[in-house]
Number of protein chains: 2
Amino acid sequence: MKSPSSKTKEDPRRRLIDAGLEIFGTHGFEGATTRMLAGKAGVNQAAIPYYYGGKEGLYHAVVAYIAENAGRFILPVTEKITAALQTDDLSTDAAVGLLVKQLSAFIQLVGQGESRRWGRIIIREQMQPTKAFDIIYDRVIRRVHEACAGLIGHILQIPPASDTAIIRAHSVVGQAMIFQAARETILRRLGRREFTFDDIEMIRSIVEDQIRNTLRHSSGK
Amino acid sequence: MKSPSSKTKEDPRRRLIDAGLEIFGTHGFEGATTRMLAGKAGVNQAAIPYYYGGKEGLYHAVVAYIAENAGRFILPVTEKITAALQTDDLSTDAAVGLLVKQLSAFIQLVGQGESRRWGRIIIREQMQPTKAFDIIYDRVIRRVHEACAGLIGHILQIPPASDTAIIRAHSVVGQAMIFQAARETILRRLGRREFTFDDIEMIRSIVEDQIRNTLRHSSGK
DNA sequence: GTCTATAGTCGGATAGAC
DNA sequence: GTCTATCCGACTATAGAC
């Protein structure tokens, strides 16, 4: 079974993206070499300039790929939140529930083994945004953060664009992100090589705990 | 005033460390070049192999320098905690207070402008530990985490080496670390180029809030 | 102790065969 | 569309003048 003019074995473009997730994640953009990338993908080194115009073009394609996949997973919840915030008859409990739901989705995303590959790319971009960061920031990160800040503003009855709401939103989202950024340290402390299902569930429940307890007992400050 | 045989203008070793903080922080170990490092330090490129045996030797020296400075700042509180945990007549309120104090020290450390330079180095090492990570892990990170897990174990009346205590400790410390890791994103959301004093104080108070509310209302789970 | 010069390797992109 | 071969610049480390 081989279609006439589509894929002979598998699209080299796709394989380069896959290799990029691994290699850029491990070595960073500067540390990655086109030879590593081509080797991992099982294609020729000259294929990178050919298909993506160069190393940087491949990198941008990789980040866009990450944005699309992460977005497909968590943006549905985000959109539900945006809609709920516009109805104006959203109870505090419901808002807290939505926040927990958004964070749970995020933790699930971060918890799955695959995220090890692309997570490092995103954390690096968070530390030092390049042109590639705009791609994922506009498509995913900003939307999720605005939704969370919106919910927090609603719960604490403060403006969603206030510094307080923004910083609290980062604090909440950060709790989940940290298990991505400090993954190796945490695993070292736990004496494991990989998170178990129970670990993920425990992280989820701790974050839920912190959301519920913190937001319930805080005045808007 | 110039001592007979010590420093002519300023120790080139010191200047290389200083350049290393900046350059390794910006480009990572692989992305940094000896020419960048030497240029920033205002010394000759050959000075790096001469003084530190090579690029990697300089990198290790930089990480050791970070460990020492960060340790000088936060380990005093850590040691106070370790001592308090051994007395066995530590009240829950006092334990919570110590945890807040440890985190406040950490946030202050992370909040100061200088941390922008070395913070990225440490985050990178957390994501992908190299030999250099052992230096700062053993001297600082492990101690702080063990102290925090100890306090949390005490407060929640669970073993300090349990997965729950360890993960909760990471969750708490992570809340502060995220303002380092996601610094650029948060500043982008806030529309600033640098954290203000008020920002740092707000972060500190939010973390304190979360510690007090979460640990007070949680059963050990 | 600090410099210049250079050796030897490896980087990304390109030319051109097939 | 995929390969080999290669250009040329940049890399780290070293040799040796001063």
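Sequence lines set the chain letters: A, B, ... in the order given, protein chains first and strands last, and positions in each chain run from 1. Hydrogens, waters and symmetry mates play no part in the numbers below; they use all other heavy atoms, side chains included.
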Side chains of A:R183 and A:E194: closer than 4.5 Å at any heavy-atom pair? yes

Which whole-number value in Å describes the distance from B:Y52 OH to C:dG1 P? 13 Å

Whole-Å distance between D:dG1 C1' and A:D11 CG? 12 Å

Going 5' to 3' through nucleotides 11-18 of chain C and flagging B where a protein heavy-atom sits under 4.0 Å of the base, S where only the sugar-phosphate is that close, and - otherwise, we get BBBB----

B:Y137 six-ring face occupied by A:R188 cation (under 6.0 Å, within 45°): yes

Please confirm whether the backbone N or O of A:M127 pairs with a side-chain atom of B:R120, one donor and one acceptor, at under 3.5 Å? yes

Any donor-acceptor pair under 3.5 Å linking the side chain of B:R117 with the backbone of B:D18? yes

So, using side chain to side chain donor-acceptor pair (under 3.5 Å) as the criterion, who are the partners of A:Y52 when residues are at least two apart? none

